[in-house]
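Keep in mind the model is a prediction, meaning the values are calculated, not measured. Only heavy atoms go into these numbers, but all of them, side chains included; no hydrogens, no water, no symmetry mates.
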Amino acid sequence: MKQVYLDQNVSVQDVICLDVKQAHHIFDVLRTTSKEKIRIVTKNSGVFFGHVENKPNLVIDSMVDVFEENQSITLCCALIKQDKFEWMLQKACELAATKQCNRNTLVELEPVIALKDLSNYKSECNLVAYEKENDPSKHMAHYLKDNPQSITVCIGPEGGFEESEIQVLNEFGFDNCSLGKNILRAETAACYVLTAIEYQNHVEG
C-alpha cells in the first residue's frame with residue numbers, strides 16, 4: 001500500500017494540501033488514483049487511511065488501529081569514504097524507511113559528532129561492533145535475544161576502531177560485540193546490524 005508521511009496533526013475528513021514534492025511523488029510518479037487507499041502516517045496524531053482528490057489534495061477517511069513500533073534504534077557510524085558513506089546512508093535508511101517499510105516513524109539523521117559525545121546517544125542496550133572480539137558469548141545475537149526496547153550500535157571506520165577508542169566506548173558503557181567470523185566493510189556492517197535487529201524482532205513477534 002502506498003504511504004504518505006505528514007508532519008502535522010490531522011483528523012478524519014480533513015482535506016490536506018500536499019507540498020509540491022509529495023504531490024509530485026503521489027500523483028506523477030506513483031500515478032495514484034482516487035480509488036486507491038493510501039496509508040497516512042502523521043507525526044503526532046496517529047495513522048490513517050485516505051485517498052487523493054484533484055492534485056494536490058489528500059482526504060483523510062479513517063483512523064487505523066495499528067501496531068506501533070516500540071523499539072528505538074540508533075546507528076552510530078564512523079566517517080568513511082564519501083561514496084561508501086552515502087551508499088551506507090542510503091541502504092540504512094531503506095532498511096528502516098517509512099514509505100517502503102510501512103513504519104510509523106521517520107529516520108532521523110544527526111550532525112557529525114566527536115567520539116566523546118556518543119555517550120549522549122546511549123540506549124537500554126549499547127554495543128560497539130569490534131572485529132577483535134572473539135568471545136562467542138558476545139556475538140550481537142546474544143545482546144538482542146532479550147529484545148531491548150532501545151539499542152545503540154557503534155560501527156567503526158575502515159580498518160576498525162583503535163584500541164584507545166574501544167576503551168573510551170567501554171568506559172561510556174558500550175559493550176564489545178562480534179558480528180561473526182568474517183571481517184565486514186563498515187558499510188556492510190551497518191546493513192548487517194539493522195538486518196539482525198529486524199530478524200530478532202520478527203522471531204520475537
Side-chain angles (χ1 to χ4, degrees), residues 5 7 43-44 67-98 101 103-205:
Y5 184 88
D7 189 16
K43 186 173 183 178
N44 297 310
F67 174 78
E68 294 290 336
E69 292 86 4
N70 60 3
Q71 186 182 55
S72 172
I73 304 170
T74 302
L75 185 65
C76 303
C77 300
L79 292 175
I80 55 178
K81 293 180 180 178
Q82 182 176 352
D83 57 338
K84 294 181 179 180
F85 191 74
E86 290 179 353
W87 184 93
M88 179 178 63
L89 285 180
Q90 177 187 3
K91 299 309 175 186
C93 289
E94 287 175 0
L95 285 167
T98 299
C101 303
R103 289 172 55 88
N104 299 332
T105 54
L106 285 180
V107 175
E108 296 183 15
L109 299 180
E110 295 287 332
V112 176
I113 62 171
L115 185 73
K116 62 181 179 64
D117 295 322
L118 285 178
S119 59
N120 297 324
Y121 291 85
K122 290 181 63 178
S123 299
E124 175 187 339
C125 177
N126 301 286
L127 305 175
V128 50
Y130 190 35
E131 71 279 0
K132 294 182 181 179
E133 181 54 70
N134 298 317
D135 186 343
S137 68
K138 291 190 175 182
H139 190 280
M140 186 177 179
H142 168 76
Y143 297 95
L144 296 180
K145 65 182 181 181
D146 293 329
N147 228 25
Q149 294 295 302
S150 61
I151 181 170
T152 297
V153 183
C154 299
I155 295 174
E158 296 163 335
F161 283 114
E162 296 181 0
E163 291 187 11
S164 59
E165 294 172 324
I166 290 294
Q167 183 177 354
V168 170
L169 290 170
N170 291 162
E171 291 174 354
F172 286 161
F174 288 85
D175 293 319
N176 297 345
C177 76
S178 166
L179 302 184
K181 296 181 179 180
N182 296 330
I183 302 298
L184 304 178
R185 293 179 181 272
E187 63 270 27
T188 306
C191 295
Y192 179 104
V193 164
L194 293 173
T195 303
I197 295 173
E198 170 60 26
Y199 174 80
Q200 181 63 27
N201 285 337
H202 177 73
V203 170
E204 291 295 322

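For the salt bridge (charged side-chain N to carboxylate O under 4.0 Å, His left out) test, residues two or more places apart in sequence or in another chain that qualify with Glu163 are Lys132. Legend: residues meeting side-chain hydrogen bond (donor to acceptor under 3.5 Å, both in side chains) with Ser164, ordered by chain and number and at least two apart, are absent. A search for side-chain contact (heavy atoms from CB on, under 4.5 Å) contacts involving Gln90 returns Glu94, not counting sequence neighbours.
Scanning all heavy atoms of the two residues, the minimum distance from Tyr130 to Phe161 falls at CE1-O, 4.1 Å.
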Got a list of side-chain donor-acceptor pairs under 3.5 Å for residues 76-87, not counting sequence neighbours?
| residue | atom | partner | partner atom | Å |
| --- | --- | --- | --- | --- |
| Gln82 | NE2 | Glu86 | OE2 | 3.1 |

Show which side-chain atoms of residues 180-193 pair as donor or acceptor with protein atoms under 3.5 Å away, not counting sequence neighbours.
| residue | atom | partner | partner atom | Å |
| --- | --- | --- | --- | --- |
| Tyr192 | OH | His139 | NE2 | 3.3 |
| Tyr192 | OH | Leu179 | O | 3.2 |

Compile the donor-acceptor pairs under 3.5 Å between side chains in residues 114-125 and protein atoms, sequence neighbours left out, one pair per line.
| residue | atom | partner | partner atom | Å |
| --- | --- | --- | --- | --- |
| Asn120 | ND2 | Asp117 | O | 3.4 |
| Lys122 | NZ | Phe172 | O | 2.5 |
| Ser123 | OG | Thr152 | OG1 | 2.6 |
| Glu124 | OE1 | Gln149 | N | 2.9 |

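The distance from the CD1 atom of Ile151 to the CG atom of Leu127 is 5.0 Å, given to the nearest 0.5 Å. With values rounded to the nearest 0.5 angstrom, Asp175 atom CG is found 4.5 Å from Tyr143 atom OH. Annotation: the span from Met140 atom CE to Cys177 atom SG amounts to 6.0 Å, rounded to 0.5 Å. Taking CG of Leu75 as the reference point, atom CG of Leu194 lies at 5.0 Å (rounded to 0.5 Å).
Within the 3.5 Å criterion, the main-chain N or O of Asp135 finds a donor-acceptor partner in the side chain of Glu133.
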